[in-house]
Amino acid sequence: MLRTHTCGELRLSKNGKKVTLCGWVQKSRDLGGMTFIDIRDRYGITQLVFNMETNAGLCSNARKIGREFVICATGIVKERSNKNFNIPTGEIEIVVQEFKVLNKSEVPPFTIEEETDGGEELRMKYRYLDLRRNPVKKNIILRYEMAREVRKYLDLKEFIEIETPVLIKSTPEGARDFVVPSRLKAGEFYALPQSPQTFKQLLMISGFDKYFQLVKCFRDEDFRADRQPEFTQIDCEMSFVERDDILETFEGLAKHLFKKIRDFDYKDAFPRLPYNEALEKYGTDKPDTRFEMLIQDITELAKGKGFKVFDSVEYIGGICVKGGAEYSRKKLDALTDFVRKPQIGATGLVYVKLNNDGTVKSSVDKFFNREELDKWTGNMEGENGDILLVLAGDRKKTLYALSKLRLEMGKQLGLMDKNTFTPLWVVDFPLLEWDDESQRYHAMHHPFTSAIKDDFHLFKTDPGKIRANAYDLVINGVEIGGGSIRIHDKQKQAEMFRLLGFSPEEAENQFGFLMNAFKYGAPPHGGIAFGFDRWVTLFGGTDSIRDYIAFPKNTAGRDVMIDTPSVLSDEQLRELSLKVVNK
RNA sequence: GGUGGCGUAGUUCAGUUGGUUAGAAUGCCGGCCUGUCACGCCGGAGGUCGCGAGUUCGAGUCUCGUCGUCACCGCCA
């Protein structure tokens, strides 16, 4: 080893010891007669000191060292005369006897510090430098620790991690596939997996009754702060289980991570909220339950009272904001603008102020008397000092807008504490979703999801009403994972494909391997997959999953560091039998 | 595919109704400095105002296009 210690471990107890440290030059402070150099590695920062009086040659050499030079220094640990209690090693310094420059460095394009001066783009281009920074380094370490704890817990529960192939087959359902051309078979392509879904089901048929995998998945869609083209799932599947077995097992995983990573003992069972109730109360299937402010349906109370805007709509609903009676006209205008943004889509905002003196002032006083407004208030559990915010329109769109408004108010009122976690299971999702564009049903989860037994009779009469035996884990309004009890019967799977508009030939062509496997004794099974990047991000407490991926891609799917995607040479294209067509 | 923000020194940003030589901080370079740790003081260098058209006597500033980037909508079983 080139070093005897790391830059983070030396304390007063090692006073007088001769040590050798290796690391990067964080900063040097040249005072003329003496020079201080902070040397940094993964573990911390230690101060080196050079003195003109005791070793002039060494000191003048030290003065020439620039930022981010890699150096190796040997010297004696000494108690400082001026201690720095801001860093763990701040009570000591190294009186250097000899040092060498292991490698020089150009001046980095941004500062390698806790708070850098570099912008997002620049930091991504020089990601290897950004990773030297403490906050980013901490995120990567957090990611590793979570992966380690996931493996520990699942290992304890006798799960086996099994790798599945990355070059697989493109399928029509779901997200767009990334594809890889085959050289040996011109005109044919592999696809990268959107998830190992069918493989883990095949593993169940093989008898590996508890499987998991920390696995890369790929989806060729447009990206966001919380979506990358390649991302990591904690992919799990179990045999001979029913829904509650899965929920209990993986609630256990979540609690293990809460305990180990956030030191938080989550004792209670996670609440379970039916999909329909989630939509009614929160306007979304991934509710943030850190705060209440539930949506209330007042359609019956407000419709048909002569207010035209309300009379013509399908749904009227609102939320009660505590302490909102004091909101100024300006603030209410701002909220109106907020809900009218195209992304939110509401047409307007009606408010009812419940003043502290017991009077009520609303934007619809002309159309509703006090008695009627009091009924709204009763319904929404409003009290003096609160404000009711009411939206109306198409049911689905209005609930969506209310969910966004609810989150905005939660944010404004500081109800969304990063260090509070409220997990819950959302259950009883619809099995199918009608898609206007293609004029057919789409699987809401995926085509292998089974229906709840009580709803089997609806297959013939009203498929849209069938509830799936599916579930999502939601924490703080983030969908952390989801899964289902699968279909394990060939007949039922065939019927599902039929409902989704597959011809028997198409089903055979795309999923024949699975249907075939079902012939040979498929056990009842089900599973779940967690978005690992999102989970780490949630525990890390910032907003972008890019912060927790060592080498992420930007929102256009480009890696600006290695500069890809990039063009292939004509020779490569020829080999792959590909021709590039300019659109 | 759509909407919006941003693009000016190495970096982060400012730049007035369109008007002379485009500024600040920080970083960098040089000098001074023996207890700094955001060291301090003095001096210096550093600009294709993303790119391309257009309007104008004159464009960092206005218009159009384009590229890059970020956020959101669509999309993401």
Side-chain angles (χ1 to χ4, degrees), chain A residues 26-39 45-54 56 59 63-64 66-68 78-87 89-91 93 95 106-126 129 171-177 194-195 197-198 217-229 231 341-345 397 400 404 429-433 435 437-438 441-449 468 470 479 482-484 496-497 500 529 531 543-544 546 553-558 560 563:
Chain A
Q26 175 73 30
K27 185 154 239 176
S28 80
R29 290 176 293 279
D30 179 2
L31 273 61
M34 61 197 309
T35 290
F36 300 97
I37 291 180
D38 292 337
I39 179 173
I45 288 182
T46 299
Q47 177 169 284
L48 309 178
V49 60
F50 300 83
N51 198 313
M52 218 40 139
E53 224 165 58
T54 52
C59 190
R63 291 168 72 166
K64 293 176 196 150
R67 272 164 61 200
E68 300 306 316
K78 190 187 136 214
E79 183 171 6
R80 292 199 201 179
S81 56
N82 276 353
K83 293 181 181 174
N84 179 359
F85 292 102
N86 296 320
I87 59 171
T89 62
E91 287 193 81
E93 63 195 352
V95 181
E106 287 190 15
V107 176
F110 52 87
T111 56
I112 315 285
E113 281 162 21
E114 201 80 12
E115 296 280 339
T116 182
D117 63 358
E120 174 97 4
E121 195 182 345
L122 199 68
R123 285 167 40 217
M124 286 304 162
K125 186 170 177 188
Y126 298 93
L129 296 181
T171 57
E173 281 281 307
R176 213 172 279 122
D177 285 316
Q194 297 173 27
S195 83
Q197 181 59 36
T198 49
C217 302
F218 307 86
R219 292 177 191 177
D220 187 6
E221 295 292 344
D222 287 5
F223 311 114
R224 297 286 166 78
D226 63 347
R227 289 195 331 230
Q228 283 271 304
F231 58 99
K341 284 197 297 189
Q343 305 98 288
I344 310 291
K397 282 181 187 159
Y400 175 78
K404 292 292 185 192
F429 281 82
L431 184 68
L432 302 165
E433 241 177 343
D435 181 60
E437 201 179 318
S438 56
Y441 284 110
H442 282 237
M444 187 144 179
H445 186 52
H446 57 51
F448 317 107
T449 301
E479 186 196 325
S484 61
M496 184 68 177
F497 284 134
L500 295 174
D543 289 325
S544 176
R546 287 192 286 268
K553 292 181 175 54
N554 70 15
T555 48
R558 171 160 294 276
V560 295
D563 193 25

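Sequence lines set the chain letters: A, B, ... in the order given, protein chains first and strands last, and positions in each chain run from 1.
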Closest approach to the side chain of [X], judged atom by atom: which nucleotide of [options] is it?
X	options	value
A:Arg80	B:rC37, B:rC73, B:rU34	B:rC37
A:Asn82	B:rG35, B:rA71, B:rC76	B:rG35
A:Arg546	B:rU34, B:rU69, B:rC70	B:rC70
A:Glu121	B:rU69, B:rG74, B:rG35	B:rU69

For [N] and [M], measure between their [atom1] atoms and round to the nearest Å.
N	M	atom1	result
B:rC42	B:rU63	C1'	48 Å
B:rC13	B:rG7	C1'	12 Å
B:rU56	B:rU61	C1'	13 Å
B:rU26	B:rC41	P	9 Å
B:rA24	B:rA14	P	16 Å
B:rG4	B:rG23	P	34 Å
B:rU12	B:rU21	P	28 Å
B:rU11	B:rG47	P	12 Å

Task: OP1 or OP2 of B:rU34 under 4.0 Å from side-chain N/O of A:Asn51 - done: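 It does not, given that no N or O in the side chain of A:Asn51 lies less than 4.0 Å from OP1 or OP2 of B:rU34.
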Protein-nucleotides 28-31 of chain B N/O pairs under 3.5 Å:
none

Would you mind classifying the nucleic acid contact of [X] as base, sugar-phosphate or nothing, using non-hydrogen atoms under 4.0 angstrom?
X	value
A:Glu93	base
A:Asn554	sugar-phosphate
A:Glu433	nothing
A:Lys83	base
A:Tyr126	nothing

Polar atom pairs (N or O), protein with nucleotides 39-41 of chain B, under 3.5 Å:
unit_1 : atom_1 : unit_2  : atom_2 : d
B:rC39 : OP1    : A:Lys27 : NZ     : 2.9
B:rC39 : N4     : A:Asp30 : O      : 2.5

Task: By side chain to side chain donor-acceptor pair (under 3.5 Å) - contacts of A:Arg219 (at least two apart) - done: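 If we apply the side chain to side chain donor-acceptor pair (under 3.5 Å) test to A:Arg219, skipping adjacent residues, there are no hits.
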Task: Distance-only donor-acceptor test (3.5 Å): side chain A:Arg219, base B:rC75 - done: no
For [N], what is the paired nucleotide under Watson-Crick or G-U wobble rules, both distances under 3.5 Å?
N	value
B:rA24	B:rU12
B:rC6	B:rG68
B:rU63	B:rA53

- [ ] Would you mind checking if A:Arg558 and A:Asp563 are paired as a salt bridge, meaning a charged N to carboxylate O distance below 4.0 Å?
- [x] yes
Open item on the list: One thing to verify: whether A:Arg227 and A:Glu221 come together as a salt bridge, which I'm taking to mean a side-chain N less than 4.0 angstrom from a carboxylate O.
Closed with: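 Answer for the salt bridge query: no.
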Task: Contacts of A:Arg29 that satisfy salt bridge (charged side-chain N to carboxylate O under 4.0 Å, His left out) - sequence neighbours left out - done: A:Asp38
Task: Partners meeting salt bridge (charged side-chain N to carboxylate O under 4.0 Å, His left out) with A:Asp543 (sequence neighbours left out) - done: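 Counting only residues at least two positions away or on another chain, A:Asp543 forms a salt bridge (charged side-chain N to carboxylate O under 4.0 Å, His left out) with A:Lys418.
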- [ ] Check the pair A:Met34, A:Glu53 against side chain to side chain contact (heavy atoms under 4.5 Å, CB included), reporting the backbone distance first and the verdict last.
- [x] CA-CA 8 Å; A:Met34 61 197 309; A:Glu53 224 165 58; over 6 Å; no
Open item on the list: Please encode protein proximity along nucleotides 1-15 of chain B as a string of B, S and -, counting only heavy-atom distances under 4.0 Å.
Closed with: B--------BSS---
- [ ] Let me see the working for A:Lys27 and A:Ile45 under side chain to side chain contact (heavy atoms under 4.5 Å, CB included), right down to the final yes or no.
- [x] CA-CA 10 Å; A:Lys27 185 154 239 176; A:Ile45 288 182; over 6 Å; no
